[in-house]
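Just so you know, residue 1 is the first one in the sequence shown, and it goes up from there.
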Amino acid sequence: MSKNKSTIDLTSGRISLGLVKFALPPMAGNVLQQCYNLTDTLVVGRFIGKNALAAVGSAYTLMIFLTSIILGLRMGCGAFLSQT
């Protein structure tokens with residue numbers, strides 16, 4: 001049984017096509033995260049109340065901040081480990 005590997009060569013060809021292929025998954029993840037936050041805000045705001053809605057808004061900002069830190073560290077570690 002052979003595995004079909006797909007590779008993208010970023011050293012030749014059009015840069016924009018490779019960039020779009022790499023950018024689509026994080027963009028889709030951000031859209032899904034925003035949909036989750038929108039749904040959470042609607043449910044909490046409608047059924048629980050104002051204080052809970054304020055907590056959801058505050059927690060979302062903190063969650064995005066921590067996610068950005070973790071993604072940045074992951075990219076930095078990946079770049080460092082690929083050079084060793």
Side-chain angles (χ1 to χ4, degrees):
M1 184 183 312
S2 66
K3 293 182 180 180
N4 186 7
K5 291 186 177 182
S6 175
T7 60
I8 299 173
D9 185 13
L10 296 177
T11 60
S12 63
R14 292 185 6 193
I15 294 174
S16 59
L17 183 62
L19 186 62
V20 167
K21 285 183 180 180
F22 274 102
L24 284 177
M27 288 171 57
N30 287 340
V31 168
L32 289 175
Q33 187 66 37
Q34 192 64 27
C35 289
Y36 174 80
N37 185 47
L38 178 66
T39 304
D40 198 22
T41 301
L42 288 172
V43 170
V44 169
R46 183 170 300 222
F47 297 112
I48 298 178
K50 294 178 184 178
N51 290 334
L53 184 59
V56 167
S58 297
Y60 181 71
T61 304
L62 179 63
M63 185 178 65
I64 292 296
F65 174 72
L66 291 175
T67 303
S68 299
I69 296 274
I70 291 169
L71 287 174
L73 288 172
R74 186 188 73 178
M75 285 190 285
C77 288
F80 176 74
L81 292 175
S82 68
Q83 293 177 357
T84 58

Are there over 12 heavy-atom neighbours, none belonging to Ile15, within less than 6.0 Å of that residue's CD1?
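No - once you tally the heavy atoms of other residues, nucleotides and ligands closer than 6.0 Å, there are 12 at most.
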Applying side chain to side chain contact (heavy atoms under 4.5 Å, CB included) to Met27 and Val31, what does each step give before you reach the verdict?
CA-CA 6 Å; Met27 288 171 57; Val31 168; 5.7 Å; no
Which pairs, with at least one residue in residues 50-65 and sequence neighbours excluded, count as a side-chain hydrogen bond (donor to acceptor under 3.5 Å, both in side chains)?
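Matches after skipping sequence neighbours: Gln34-Tyr60.
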Hydrophobic cluster of Leu66, others only, ordered by chain and residue number, side-chain cut-off 4.5 Å:
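Via sub-4.5 Å side-chain contacts, Leu66 links to Leu62, Phe65, Ile69, Leu73.
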State which residues pass side-chain contact (heavy atoms from CB on, under 4.5 Å) with Leu71; sequence neighbours excluded, sorted by chain then number.
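Partners of Leu71 by the side-chain contact (heavy atoms from CB on, under 4.5 Å) criterion, ordered by chain and then number, come out as Thr67, Arg74.
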Sequence-distant partners of Val56, side-chain contact (heavy atoms from CB on, under 4.5 Å), two or more places apart
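Val56 satisfies side-chain contact (heavy atoms from CB on, under 4.5 Å) with Asn37, Asp40, Thr41, Val44 only.
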